[in-house]
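Starting from 1, each residue takes its place in the sequence as its number. Keep in mind it's a predicted model, so treat the numbers as computed, not measured.
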Amino acid sequence: MSTGKCSRCIGISLFSLSICAIVSNLLLYFPNGQVLEADRITDLVWFFHGILGAGILILLPAFMMLGAGGEGCCGNRCGMLLSVLFAVLGASGGVYCVIISSLGLINGPLCDIGDDVYIYPFRNSTFMDNYLFNRTTWSICKKPENIILWNVVLFSLLLAIGMLEAVLCVIQVINGLLGFMCGTCVRKRKTDVVGM
């Protein structure tokens with residue numbers, strides 16, 4: 001596979017992953033499908049890790065990679081070099097999403113523990129007492145209903161998306177450097193079969 005085709009495949013993958021990240025981050029604003037006041041939404045959601053980090057910062061390199069992997073054989077070295085720069089930007093967006101998603105999983109959601117008191121009941125727990133490993137503690141959150149499952153699923157999804165995006169962007173850095181140094185395709189040699 002030529003570096004141009006590889007770039008195009010990575011760009012298509014990053015495009016679909018960034019759309020999934022944006023949708024996942026938007027869903028975190030509506031716990032269990034409910035509209036809540038802004039101060040009752042988990043604070044790490046406001047870091048826009050899925051919208052900005054794994055979304056917009058990935059869409060830019062995805063479009064660049066699609067252009068760099070376009071038609072045109074060995075004259076597309078400038079596009080491949082630009083795709084390397086944008087891939088570094090995309091990798092930083094993916095890492096940002098991984099960091100914030102990890103913190104969201106570790107700290108747990110903001111929830112009502114009764115009497116309309118919204119706190120982070122799991123924020124200062126130790127690793128062994130973490131709510132992720134002790135599902136019986138989930139009953140402490142009364143509202144919004146299923147908030148812990150909602151946050152665990154969406155933050156885990158964003159964590160996985162961010163990791164995939166970062167890995168794909170690092171692959172594109174290597175691919176783009178190869179495409180810049182060697183050209184974006186392999187030329188087929190014509191053989192003359194005269195006299196056989």
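- In terms of heavy atoms, T42 sits closest to G108 at CG2-O, 4.1 Å.
- The two residues N25 and G50 make their nearest non-hydrogen contact at OD1-N, 2.7 Å.
- In this structure, I58 CD1 and L89 CG are separated by 8.0 Å, a value rounded to the nearest 0.5 Å.
- Of all heavy-atom pairs between L168 and L17, the closest is CD1-CD1, 3.9 Å.
- Among residue pairs with one or both ends in residues 86-125, those qualifying as ring-ring contact (aromatic ring centres under 6.0 Å, His included) are F122-Y131; sequence neighbours excluded.
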Could you give the side-chain donor-acceptor pairs of residues 141-148 under 3.5 Å, partners two or more places apart or in another chain?
| unit_1 | atom_1 | unit_2 | atom_2 | d |
| --- | --- | --- | --- | --- |
| K142 | NZ | S139 | O | 3.0 |

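- Hydrophobic clustering, with ILVMFWY side chains joined whenever heavy atoms are under 4.5 angstrom apart, keeps L158 apart from I106.
- For D112 (side chain) and G114 (main-chain N/O), a donor-acceptor pair under 3.5 Å exists by modelled atom type.
- Between V167 and L164 the shortest side-chain heavy-atom distance does not fall below 4.5 Å.
- For the residue pair S18/E165, the side-chain donor-acceptor check at 3.5 Å is not satisfied.
- The side-chain heavy atoms of C20 and L157, taken from C-beta on, include no pair separated by under 4.5 Å.
- Residue P61 comes nearest to A87 through the heavy atom pair CB-N, 4.1 Å, listed as atom of the first residue, atom of the second, then distance.
- Sorted by first and then second residue, the pairs that involve residues 19-47 and meet ring-ring contact (aromatic ring centres under 6.0 Å, His included), not counting sequence neighbours, are Y29-W46.
- Residues W150 and Q34 form no side-chain contact, since every pair of their non-hydrogen atoms from C-beta on lies 4.5 Å or further apart.
- The distance from atom CD1 of I41 to atom CG of N151, rounded to the nearest 0.5 Å, is 10.5 Å.
- At least one donor-acceptor pair under 3.5 Å links the side chain of N130 to the backbone N or O of L132.
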One pair to check against side chain to side chain contact (heavy atoms under 4.5 Å, CB included): C169 and V88. What are the steps and the verdict? CA-CA 7 Å; C169 284; V88 170; over 6 Å; no
Could you walk me through whether R8 and M65 satisfy the side chain to side chain contact (heavy atoms under 4.5 Å, CB included) test, starting with their C-alpha distance in whole Å, then the side-chain angles of each, then the deciding distance to 0.1 Å, before giving a yes or no? CA-CA 6 Å; R8 187 170 172 81; M65 289 173 208; over 6 Å; no
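- Atom NE2 of H49 is separated from atom CG of L103 by 9.5 Å, given to the nearest 0.5 angstrom.
- Here the CD1 atom belonging to I174 is positioned 10.0 Å from the SG atom belonging to C6, to the nearest 0.5 angstrom.
- Residues L110 and L149 do not share a hydrophobic cluster, clusters being chains of Ile/Leu/Val/Met/Phe/Trp/Tyr side chains in contact below 4.5 Å.
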Side chain to side chain contact (heavy atoms under 4.5 Å, CB included) between V173 and I171, intermediate numbers included: CA-CA 5 Å; V173 167; I171 291 171; over 6 Å; no
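- A distance of 10.0 Å separates CG of L44 from CG of L105, quoted to the nearest 0.5 Å.
- Side-chain contact between M163 and L159 is present, with at least one heavy-atom pair separated by less than 4.5 Å.
- Listed here is the closest heavy atom pair of I22 and G55: CG1-CA, 3.7 Å.
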Run the side chain to side chain contact (heavy atoms under 4.5 Å, CB included) test on I51 and L26 for me, step by step, so that the C-alpha distance in whole Å, both residues' side-chain angles and the decisive distance to 0.1 Å come before the verdict. CA-CA 8 Å; I51 295 171; L26 288 174; 3.8 Å; yes
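- The side-chain heavy atoms of S83 and Q172, taken from C-beta on, include a pair separated by under 4.5 Å.
- Looking only at side-chain heavy atoms (C-beta outward), L85 and L82 come within less than 4.5 Å of each other.
- The number of heavy-atom neighbours closer than 6.0 Å to CZ of R123, taken from other residues, nucleotides and ligands shown, is above 12.
- The minimum heavy-atom distance between V98 and S102, with the atom names listed, is O-OG, 2.7 Å.
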